[in-house]
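Here is the structure we will look at, set down as structure tokens.
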Amino acid sequence: MNPARRLMLIVQTASRIGWRDVGAVALHRARARLRPPMMPVGALTKGPLFVDSPLPAPDVADGDATIARGHRIAGGELQIFGDDWVPMGMPFDWSRNVLPGDHRDIKGVWEASRFIWAPDLARAHRIDPQAGFLATLDQLVEDWLARNPDFGSPTWQCGQEAAMRMINMLLSHRILAGGAAISARLADVVARHATRIKPTMAYAIAQQNNHATSEAAGLFIAGAVLRRDGGDRYAEDAARWIDIGRRSLETAIARLIFADGGFSQYSVNYHRLLVDTLCQMEFWRRATGTEPLSAEFQASARRAIDWLAAVVNPVTGAVPNLGHNDGAQLYRLGEAPYADFRPTLALARALFNDCSPAAAGDALRWLGIEASAGAACGEPGTKLFRDWGLARLEIPGSYAYLRFPVRRFRPGQADMLHVDVWTASGRNLLIDSGTLSYADAAAIQDFAGSKAHNSVRFDDGEPMRRLGRFLLADWPDAHDVTGPVIGDDAVQISAGYRDYRGITHHRTIEGRKGRWVITDAIQGSRDSAELRWHLPEQAVEQVEDGFATADMRIVVTADAPLIFSIATCFTSPTYGKRVPALVLVARVPHGASMLRTEIELT
């Protein structure tokens with residue numbers, strides 16, 4: 001791309017993002033280069049960090065697993081991004097990049113310093129107070145404080161990371177001591193984290209994503225806790241942090257949560273992080289007796305919870321891997337696997353008094369929260385989220401998602417008209433490829449590009465040109481979104497888009513019992529087009545007009561000659577994790593205008 005064209009694309013894209021936010025980011029980066037580093041605040045108060053209270057352990061379903069987790073942490077292991085365990089030494093090596101083979105990705109350094117493991121040790125101590133888990137928790141946190149002095153290491157680089165770490169320390173205290181006041185030493189640590197968050201709040205808000213919500217919530221929580229427990233020393237700062245956090249969170253939520261409940265990042269896992277963050281804010285607001293946020297905020301939070309509920313499988317808690325997935329599950333209060341989103345929903349339903357989930361979950365028991373007394377939560381069903389760009393279609397025994405572009409905010413992936421297909425029991429038959437890495441250029445192309453999605457790829461190219469790791473140009477918008485149309489025994493929806501090359505793609509999905517039919521109308525490709533279907537690694541047989549697996553038969557027809565192939569690819573169920581998968585490809589030459597896929601479930 002020549003420099004003049006690139007500059008024009010940057011200007012066009014900046015205009016869509018919004019010049020005010022672009023200016024805030026530019027100002028932040030200029031100040032970061034010019035201003036002196038933040039100075040240490042001073043010595044911490046001497047004494048214990050965590051208060052040990054002889055509280056009985058709650059009646060949880062996964063106590064043995066919690067004890068086993070505690071022993072692994074005490075043995076110097078860390079679970080990363082909700083999946084693999086890696087050796088970290090004891091105390092942990094806080095500077096180690098835990099990602100395999102890629103030491104440019106700062107997320108690998110930050111993972112241990114998010115303190116996701118801290119509430120794990122607190123829970124294990126409550127179940128078995130004699131096993132030494134509290135001593136391990138103290139040892140690890142004190143070692144981190146000694147090796148990461150105020151604002152002087154990469155772990156202080158990001159305000160959101162500071163907020164997450166602080167909240168996990170407060171959760172650990174709550175699990176250990178219930179409603180007792182935090183120690184003077186922990187109050188000092190909380191204040192340091194709030195001090196780090198505040199100077200970059202404008203930058204966080206300008207990101208138009210989870211940074212805005214996480215950092216605002218962190219500042220609000222720090223202020224609320226310190227106003228209750230910090231004494232006169234922190235009274236003035238606490239009041240200011242509550243005010244800034246409240247106003248920033250109200251502003252962010254009003255802007256970033258759509259009328260249909262969707263969130264600006266166009267990502268299911270980041271939506272969970274949003275809801276988890278709102279839960280932490282509301283829990284600590286109640287715990288400290290802080291004034292509620294506005295009715296508009298509460299309504300937006302409930303819409304976001306309802307959106308998440310619509311994509312969670314009620315049997316397994318699984319969700320489609322749509323959009324960026326950085327492995328975030330920051331506030332773990334039970335032993336459910338990373339891919340199970342039901343604990344988030346259970347806590348959110350209880351805190352925002354929405355409806356009563358089928359299972360309360362251990363998070364409520366650890367925090368001492370009663371389940372909602374509202375009506376039972378409904379099943380997801382067929383739904384359209386027009387503002388976010390997602391349709392969920394349901395037929396007996398199966399459901400599918402159609403992703404279509406609605407670009408109010410920065411898109412993260414070229415997933416236009418991607419389709420996911422699931423069984424009602426929670427098995428993902430046609431899958432999204434995930435994310436893998438934000439730092440590896442090849443991974444960004446392989447996992448975020450059009451070839452990673454179940455859609456039509458044109459001329460071996462991309463519908464949006466990439467300007468940076470997190471910035472795409474040429475945002476297309478959906479047109480002709482029709483449906484969902486629900487009949488006695490069928491459901492249907494259609495949508496289309498036109499990209500910057502002048503290529504148009506219109507997709508219609510129709511579902512009937514045991515069968516999905518996807519029709520793609522295409523126009524404008526100069527060379528060829530290929531229809532791609534990704535599925536988990538399994539035995540696949542190429543048959544006449546398509547493919548067959550143990551779960552389904554896929555038949556593809558077109559108005560031009562087809563070339564079929566099966567290739568090995570990869571999917572990334574969580575950050576840094578690469579799992580073998582398959583892609584079924586049906587390629588048509590220039591001039592083709594229609595492809596039709598029939599998926600018969602077996």
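Predicted model only: the values in this text are computed from it and were never measured. Residue indices begin at 1 and follow the sequence shown.
Contact between Val190 and Met166 at its shortest, heavy atoms only, is CG1-SD, 3.8 Å. Residues Pro411 and Leu472 share a closest heavy-atom pair of O-CD1, 3.8 Å. When all heavy atoms are compared, the tightest approach of Trp366 to Leu333 is CD1-O, 3.4 Å. Ala310 and Lys383 make their closest contact through CB-CD, 3.6 Å (heavy atoms, listed as atom of the first residue, atom of the second, distance). Heavy-atom minimum distance, Asn97 versus Gly108: OD1-CA, 3.2 Å. Across all their heavy atoms, Ile127 and Gly63 have their closest contact at CD1-CA, 3.7 Å.
Between Arg16 and Thr13, the side chains place no donor N or O within less than 3.5 Å of an acceptor N or O (distance only, hydrogens not considered). A donor atom on one side chain and an acceptor atom on the other are found under 3.5 Å apart for Asp188 and Tyr234. Thr574 and Asp83 form no side-chain donor-acceptor contact under 3.5 Å, judged by distance and modelled atom types alone. Side chains of Gln79 and Arg72: a donor-acceptor N/O pair is absent below 3.5 angstrom, by distance only. Looking only at atom types and distance, the side chain of Thr435 has no donor-acceptor partner in the side chain of Asn325 under 3.5 Å away. Side-chain N/O atoms of Asn269 and Arg272 include a donor and acceptor closer than 3.5 Å. Side-chain N/O atoms of Gln208 and Ser264 include no donor and acceptor closer than 3.5 Å.
In this structure, Pro119 and Arg332 have side chains that are not in contact, with every pair of non-hydrogen atoms separated by 4.5 Å or more. Taking 4.5 Å as the limit, some side-chain heavy atom of Met281 sits within range of a side-chain heavy atom of Leu249. In this structure the side chain of Trp284 reaches within 4.5 angstrom of the side chain of Leu171, judged on heavy atoms. Proximity of Val51 to Ile182: side-chain heavy atoms (C-beta onward) are nowhere separated by under 4.5 Å. Counting heavy atoms from C-beta on, the side chains of Asn210 and Gln160 come closer than 4.5 Å. Between Phe341 and Val275 the shortest side-chain heavy-atom distance does not fall below 4.5 Å. Two residues are said to be in side-chain contact when any heavy atoms from C-beta on lie closer than 4.5 Å; Leu322 and Leu390 meet this criterion. Residues Leu256 and Asn209 have side chains not in contact (no heavy-atom distance under 4.5 Å, counting atoms from C-beta outward).
Salt-bridge check for Arg255 with Asp21: passed, with a basic side-chain N closer than 4.0 Å to an acidic carboxylate O. For Arg246 and Asp243, the salt-bridge test fails: no basic side-chain N is under 4.0 Å from an acidic carboxylate O. Salt-bridge annotation for Asp306 and Arg303: absent, with no side-chain N of the basic residue lying under 4.0 Å from a carboxylate O of the acidic one. By the 4.0 Å N-to-carboxylate-O rule, Asp260 lies too far from Arg386 to be salt-bridged with it.
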Evaluate Arg286 against Glu370 for salt bridge (Lys or Arg N to Asp or Glu O under 4.0 Å), listing each step before the verdict. CA-CA 13 Å; Arg286 293 185 184 189; Glu370 295 292 331; over 6 Å; no
Verdict with supporting geometry, Tyr266 and Gln413, side chain to side chain contact (heavy atoms under 4.5 Å, CB included): CA-CA 9 Å; Tyr266 306 114; Gln413 298 193 346; over 6 Å; no
Report the C-alpha separation of Leu347 and Leu364 in whole Å, then their side-chain angles, then the decisive distance to 0.1 Å, and conclude whether the side chain to side chain contact (heavy atoms under 4.5 Å, CB included) test is met. CA-CA 6 Å; Leu347 182 57; Leu364 276 66; 4.0 Å; yes
May I have the step-by-step check of side chain to side chain contact (heavy atoms under 4.5 Å, CB included) for Leu44 and Leu49, ending in yes or no? CA-CA 10 Å; Leu44 296 171; Leu49 265 174; over 6 Å; no
Check step by step if salt bridge (Lys or Arg N to Asp or Glu O under 4.0 Å) holds for Arg285 and Glu282. CA-CA 5 Å; Arg285 183 200 68 76; Glu282 178 64 11; 2.9 Å; yes
Pair Glu335, Arg123 - check salt bridge (Lys or Arg N to Asp or Glu O under 4.0 Å), show working. CA-CA 11 Å; Glu335 297 302 320; Arg123 290 188 295 118; 2.9 Å; yes
Under the criterion side chain to side chain contact (heavy atoms under 4.5 Å, CB included), I'd like the reasoning laid out for Gln265 against Gln207: C-alpha separation, chi angles, the key distance, then a yes or no. CA-CA 10 Å; Gln265 282 185 276; Gln207 294 299 302; over 6 Å; no
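With Arg165 contributing its side chain and Thr155 its backbone, the two residues share a donor-acceptor pair below 3.5 Å. Panel note: side chain Glu111, backbone Val98; no donor-acceptor pair is recorded below 3.5 Å. The backbone N or O of Gln139 sits nowhere less than 3.5 Å from a side-chain atom of Asp143 that would complete a donor-acceptor pair. A donor-acceptor contact shorter than 3.5 Å is absent between the side chain of Arg302 and the backbone of Gly261. A donor-acceptor distance shorter than 3.5 angstrom exists from the side chain of Arg185 to the backbone of Thr45, with no hydrogens or angles considered. Here the side chain of His193 pairs no donor or acceptor atom with the backbone of Ile167 at under 3.5 angstrom. His271 contributes no side-chain N or O that, together with a main-chain N or O of Gly262, makes up a donor-acceptor pair within less than 3.5 Å. The backbone N or O of Ala216 sits nowhere less than 3.5 Å from a side-chain atom of Ser248 that would complete a donor-acceptor pair. No side-chain donor-acceptor contact under 3.5 Å links Arg408 to the backbone of Trp388. Put simply, the side chain of Ser572 gets close to the backbone of Leu436: a donor and an acceptor are under 3.5 Å apart.
Rounded to the nearest 0.5 Å, atoms CG (Asp387) and CH2 (Trp307) are 12.0 Å apart. Separation of atoms CH2 (Trp117) and CG (Leu78) is listed at 9.0 Å; rounding is to 0.5 Å. The distance from atom CD1 of Ile67 to atom CG of Asp120, rounded to the nearest 0.5 Å, is 11.5 Å. Between Phe263 atom CZ and Leu273 atom CG the span is 7.5 Å, to the nearest 0.5 Å. The distance from atom CG of Leu145 to atom CG of Leu140, rounded to the nearest 0.5 Å, is 11.0 Å. Put simply, CG on Leu278 and OG on Ser300 are 9.5 Å apart, with the number rounded to the nearest 0.5 Å.
A cation-pi arrangement is present between Lys107 and Tyr575 under the rule of less than 6.0 angstrom and at most 45 degrees off the ring axis.
Aromatic ring orientation, Phe470 versus His324: perpendicular (interplanar angle above 60°, classes split at 30° and 60°). Between Phe352 and Phe297, the ring-plane angle classifies as tilted under the 30° and 60° cut-offs. Using cut-offs of 30° and 60° on the angle between ring planes, the pair Trp156 and Phe151 is perpendicular. The aromatic rings of Phe115 and Trp94 sit tilted, their planes meeting at an angle between 30° and 60°.
The aromatic ring centres of His211 and Tyr203 sit 6.0 Å or more apart. Ring centroid separation for the pair Phe258 and Phe385 does not come in under the 6.0 Å cut-off.
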